[in-house]
Amino acid sequence: MATVESTNGLPKIEIYSTLTRAKAPLVTVKPGHVGMYLCGPTVYKPSHIGHMVGPVIFDTVKRYLVYSGWQVTWVVNVTDVDDKIIAESAVRGTTMAKLAEEMTADYLENLATLGVTSIDEMPKATDHIGTIITFIEGLIAKGSAYASDGDVYFDVTRDADYGKLTNRSVESTQGEGGSTADRKRSAADFALWKKAKAGEPAWESPWGPGRPGWHIECSAMSKAILGPHFDIHGGGLDLVFPHHENEIAQSESLHDCPMATFWMHNGLMQAAGAAGKVGGRPRGVEDAADDAATQAATKISKSTGAEPFKKLLERHRPEAIRVLLLSTHYRSPIHFGEEPLGESARAMEAFERLFARFQRVSGKAFYTLPCRDRRAGDAAVAAAGDEVKALREKFLAAMDDDFNTAIAIASLFDYVRVVNKFIDQHGLEAKKPAAELATLDAMMLMLRELTGVLGLFLEPPQKAAGADEGLVAKLMELVIEIRANARKSKDFATADLVRNKLTEAGIVLEDRPDGTGWSKK
RNA sequence: GGCUCCGUAGCCAAGUGGCUAAGGCAGCGGAUUGCAAAUCCGCCAUCGUCGGUUCGACUCCGACCGGAGCCUCCA
């Protein structure tokens, strides 16, 4: 076995933390259990592809940890009270709660299509107002926060190591202080509680009616569900400062213990060929004071607004999107666009052709094979042969090393080749020797195990099926039979005409030793 | 300006102080096929530029050029 056993009998998995800028073995607060928190969306608009990156990555992290033997509790919060939600609900003439509910549903549907189904809890900020108020009171009692004219602010000068996540000093973070500067002791202080303006949603508090600041939600809710010190805190790289820096300041000031052992940050989605992250704000005029080159660059970035994810799904299969997200290392930016998605989709088809081939040979549907866990896989791997064993070890070693899904996927492409070669060499499409069939089964079970870890191919591809599906199948059967007769009598002109016309119509014929198959392109 | 990070083949993208620098897409040659498709085999990079450290660097250090994120409650 290539994997190293750690003291508690679980595999050794190394994770990079933004806080230490280094990888360290996963050692959990509670042995055998991982508490993982991901900063979720502010639900004011339909989600776009950029919102899917973190969830897909952390879903994969969770799948891999569970596969490897940990118990995992994964929390993704929903910010359902916020300036933007208030503004957008006003525009739409609806309530904040209604809009938030609607957009949360949209978010969840989109996640489900991508196979992100492993979130355990999704706390809403508005369900945790009491928790948040208690948290703020604790900070005030410790002298880390102060009330000011109905607002409450965190006092960064009382936090000796403020800025440790992003290597910033308090001085260097002092901007203008924003519109509330006159209520703050120092410009870098940030709001824990915001006094309600007239007509805004508000909750009663010791400081008067108001609502929570953004940063405090995550500190309070992660504590409520995962405890003051948990294992993995995740989010996009754009949240490192100020959001996560402030979470650390709040939680560690109150609890005097680390908030999270590992701070994992995913790279941001960028539109291929354009500057700027997907969904980012266009860079404004304030940047134009720079040189001409910068101006040229900012011009392009104006087009980075992202379409709703559902629109994207009209053009691309979720499987291709998931693979694209996982084929880049999670800490790197992802180049996203029609072209990369198309390539990703084409690459996926090699897997699906193999699944179809497997079904022809063995009569078994790949999608119904059981996804084993790592221990069971360890026990079963010998039956699949040395090549498979080596590729599985490569896969596991890559995932153990900070979830290197890019290498893991690469090993799966090698895997497909190995299995195809096996079928070729033993002529399994024509004859079916029991011993080789058993080996093939073992190989495919292993592929099922590994693709399942990445959350891939869990469901059969969605057929663009209509009521005509059965009719088309019958017609194709007929066409293929007629063409087969033509081929038998060496009437290749007719046979080729049929095939070419079908190709034009988007149907691909494959003449195999045991007959002709067809598929829609 | 400050703080992070990146620059690998036509495109995308892993990776390592020293054996043949993953994988995908595209392309080329071959096997197979009546011809194709699919499949298999083979080919296709010296790692932004310039210096330095080292027996040896693409991998470490420095400078420069180019790109990205954050410093503005954006995943």
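Sequence lines set the chain letters: A, B, ... in the order given, protein chains first and strands last, and positions in each chain run from 1.
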Report which part of the nucleic acid [X] touches: base, sugar-phosphate, or nothing (heavy-atom distance under 4.0 Å, all strands).
X	answer
A:H243	nothing
A:V508	sugar-phosphate
A:D414	sugar-phosphate
A:T42	sugar-phosphate
A:L239	sugar-phosphate
A:M269	base
A:G40	sugar-phosphate
A:F492	base
A:G50	base

Given B:rA13, B:rA75, B:rG34, the nucleotide with the shortest approach to the side chain of A:P41: B:rA75
By salt bridge (Lys or Arg N to Asp or Glu O under 4.0 Å) - contacts of A:E477 (at least two apart): none
Quick one: salt bridge (Lys or Arg N to Asp or Glu O under 4.0 Å) partners of A:E352, sequence neighbours excluded? A:R317
Say we look at [N] and [M]: how far apart would their [atom1] atoms be, to the nearest angstrom?
N	M	atom1	value
B:rA21	B:rU59	P	16 Å
B:rG10	B:rC6	P	23 Å
B:rC43	B:rU49	C1'	30 Å
B:rG27	B:rA36	P	16 Å
B:rC47	B:rC58	C1'	4 Å
B:rA13	B:rU33	P	40 Å
B:rG29	B:rG69	C1'	44 Å

Protein within reach of the bases, or only the backbone? For nucleotides 38-46 of chain B, mark each nucleotide 5' to 3' as B, S or -, using heavy atoms under 4.0 Å. SSSS-----
Charged N to carboxylate O under 4.0 angstrom, A:E510 versus A:R353? no
What does [N] pair with, Watson-Crick or G-U, if both distances are under 3.5 Å?
N	answer
B:rC3	B:rG69
B:rC35	none
B:rC43	B:rG27
B:rC60	B:rG52
B:rU16	none

B:rG24 base to A:R346 side chain: any donor-acceptor pair below 3.5 Å? no
So [X] and [Y], would you call those rings parallel, tilted or perpendicular, with 30° and 60° as cut-offs?
X	Y	value
A:W263	A:H233	parallel
A:F154	A:F190	parallel
A:F355	A:F366	parallel

CZ-CG distance between A:R346 and A:L341, expressed to the nearest 0.5 angstrom: 10.5 Å
Compute the centroid of each ring, for A:F413 and then for A:F351, and state whether the two points are separated by less than 6.0 Å. yes
